[in-house]
2 protein chains.
Amino acid sequence: MSASTKLSTAVKALCYLANSYPVPKTSSQISSFIGINASKLRKILSMLVKNKIVESTYGMAGGFVIKKNPQKLHLQEIYCAIEDRKAFHLHIAKLNDIKLTESVKLNNYFLELFSDIQIEIENKMKKISLQSILNKLNSK
Amino acid sequence: MSASTKLSTAVKALCYLANSYPVPKTSSQISSFIGINASKLRKILSMLVKNKIVESTYGMAGGFVIKKNPQKLHLQEIYCAIEDRKAFHLHIAKLNDIKLTESVKLNNYFLELFSDIQIEIENKMKKISLQSILNKLNSK
DNA sequence: ATAAATTGTTACAGTAAGTGTAACCAATTG
DNA sequence: CAATTGGTTACACTTACTGTAACAATTTAT
């Protein structure tokens, strides 16, 4: 599952949870709404739980409840919660031969460039709150 | 091969060709410098040929020569030449059920967002010329 | 207590995608 | 015609992804 797919899935789940707040929803309910396997969704939700964005309760009448205020919750926080690897995985070719110093310099150049791009992407995501997404959904 | 790996490989090849201009270099020479398979490199170079960034000549004493002035050649142009798919492949989950209108709206939302991000990345790449990269390599 | 419901995690078979290499075709030159 | 080189295709190998199920952990209802 790509980083962007995971992010959109997480946001869909959070929107669903925000609209049904404070009633807990099970992974089955959320997954059938989104159209994704319940087990897979639980993996994503468990990471949101670890980062205290949602809360989970076991047993009957259990499920997931959104914990963080949608106005204070931003895309970048959601993204970081579900993704260990950095941003959108920009890779450069690994070197076969260390002696190729010019190639090494170019590798470093691209590492810096892609790092800059990742920072810009994250900055963009920091400016988008879950609440603003909810508003757009309801307005249209 | 990821988009970013392809881009860095193409730039490495172009730097090599720029430094040896106007002497043609074979795919073997370039690939051994970069540390990549010659056949794979030819695939990338052939796309640069189609986009008239480099020129190729067959037969003995043939090879590749950079055609476009490094000062007028930008990363975005190189990127578009070697990649059909748009930018850095930001995907969102496909929907299983068309009835889920809220999910549809969210999908559209992310399509727009990722499209914005892609445009920003391309704008950033437009500002970087091959010549500026060559200068950085020689200065350090 | 026992059973049922639910989250959290692991396992696994099946599939898809990526990799590296070789082989072949096309074009040019001597 | 033979040698060289770019351009393309094919293929086996590996790796990664996918979807599903299964199981353990935890809570609640009866």
Side-chain angles (χ1 to χ4, degrees), chain A residues 1-6 8-10 13 16-17 20 23-32 34-67 81-85 89-96, chain B residues 1-6 8-10 13 16-17 20 23-32 34-67 81-85 88-89 91-96:
Chain A
M1 207 178 211
S2 72
S4 41
T5 298
K6 263 162 114 175
S8 70
T9 300
Y16 183 72
L17 292 178
S20 50
V23 180
K25 293 289 180 180
T26 69
S27 61
S28 293
Q29 293 174 310
I30 307 170
S31 67
S32 68
I34 296 179
I36 187 184
N37 183 276
S39 182
K40 212 163 206 175
L41 177 66
R42 284 206 297 273
K43 283 180 202 163
I44 295 173
L45 287 177
S46 72
M47 292 188 272
L48 297 180
V49 170
K50 283 175 187 165
N51 286 272
K52 300 180 181 174
I53 294 170
V54 308
E55 236 173 10
S56 66
T57 50
Y58 281 47
M60 288 175 171
F64 298 91
V65 178
I66 190 167
K67 193 180 181 185
I82 59 179
E83 203 68 31
D84 339 314
R85 295 176 290 183
H89 317 159
L90 308 178
H91 296 296
I92 64 174
K94 286 177 186 167
L95 295 166
N96 297 356
Chain B
M1 208 178 210
S2 72
S4 41
T5 299
K6 263 162 113 177
S8 69
T9 301
Y16 183 71
L17 291 177
S20 49
V23 181
K25 294 290 182 180
T26 69
S27 61
S28 293
Q29 291 173 312
I30 306 170
S31 66
S32 68
I34 296 179
I36 187 185
N37 183 277
S39 182
K40 212 165 205 176
L41 177 67
R42 285 206 296 273
K43 284 181 204 163
I44 295 174
L45 287 177
S46 72
M47 292 188 273
L48 297 181
V49 170
K50 283 174 187 165
N51 286 271
K52 299 178 180 176
I53 294 170
V54 308
E55 238 173 8
S56 65
T57 49
Y58 281 47
M60 288 173 171
F64 298 91
V65 178
I66 190 168
K67 193 181 180 186
I82 59 179
E83 203 68 32
D84 339 314
R85 294 178 291 184
F88 283 95
H89 316 160
H91 296 298
I92 65 175
K94 287 176 186 167
L95 294 167
N96 297 356

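Predicted, not measured: the structure shown is a model, and the values here were computed from it. Quick note on labels: first sequence line is chain A, next is B, and so on, each numbered from 1.
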**Complete:** Given protein heavy atoms under 4.0 Å, the one-letter contact record of nucleotides 20-30 of chain C, with B base, S sugar-phosphate only and - none, is simply SBBB--BBB--
**Request:** Going 5' to 3' through nucleotides 11-16 of chain D, assign each nucleotide B (protein heavy atom under 4.0 Å from a base atom), S (under 4.0 Å only from sugar-phosphate atoms) or - (no protein heavy atom that close).
**Result:** ------
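Exactly one of A:Val65, A:Leu48, A:Ile30, A:Val23 qualifies for a side chain to side chain contact (heavy atoms under 4.5 Å, CB included) with A:Leu17. That residue is A:Ile30.
Remark: C1' of C:dA5 and NZ of A:Lys25 are 16 Å apart, rounded to the nearest angstrom. Look at CD on B:Glu83: it is 10 Å from P on C:dG18, rounded to the nearest Å. Atom-to-atom, CZ of B:Phe64 to P of D:dT4 comes out at 17 Å; the value is rounded to the nearest Å. The CG atom of A:Leu41 sits 15 Å away from the C1' atom of D:dT20 (whole-angstrom rounding). If you take CD of A:Glu55 and C1' of C:dT6, they are 15 Å apart, rounded to a whole angstrom. Spacing between atom CG of A:Leu48 and atom P of C:dT9 amounts to 13 Å, rounded to whole angstrom units. Put simply, CD1 on B:Ile36 is 15 Å from P on C:dG18, counting in whole angstrom units. Spacing between atom CD1 of B:Ile44 and atom C1' of D:dG6 amounts to 15 Å, rounded to whole angstrom units.
Listed by chain and number, the residues in a side chain to side chain contact (heavy atoms under 4.5 Å, CB included) with B:Ser20 are B:Lys25 (sequence neighbours excluded).
Once rounded to the nearest 0.5 Å, the distance linking OH of A:Tyr16 with OG of A:Ser32 reads 6.5 Å. To the nearest 0.5 Å, the span separating CE on A:Met47 from CD1 on A:Ile53 amounts to 10.5 Å.
Side chain of B:Ser46, nearest nucleotide from D:dG7, C:dT7, D:dG6: D:dG7.
Closest non-hydrogen pair, A:Pro24 versus A:Ala61, comes out as CG-O, 4.1 Å.
Proximity of a side-chain donor or acceptor of B:Asn37 to a complementary backbone N or O of B:Ser39 within less than 3.5 Å is detected. A donor-acceptor pair under 3.5 Å is absent between the side-chain atoms of B:Thr26 and the main chain of B:Gly63, judged by distance alone.
Taking only side-chain nitrogens and oxygens, B:Lys50 comes nearer than 4.0 Å to OP1 or OP2 of D:dT8. A sub-4.0 Å separation between OP1 or OP2 of D:dT5 and a side-chain N or O of B:Thr26 is absent. A:Ser56 has no side-chain polar atom (N or O) that falls below the 4.0 Å cut-off from OP1 or OP2 of C:dT6.
Using a 3.5 Å distance cut-off with no hydrogens or angles, the side chains of A:Ser8 and A:Thr5 do not pair a donor with an acceptor.
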**Message:** Is there a side chain to side chain contact (heavy atoms under 4.5 Å, CB included) between A:Glu55 and A:Val49? Walk through the geometry before answering.
**Reply:** CA-CA 6 Å; A:Glu55 236 173 10; A:Val49 170; over 6 Å; no
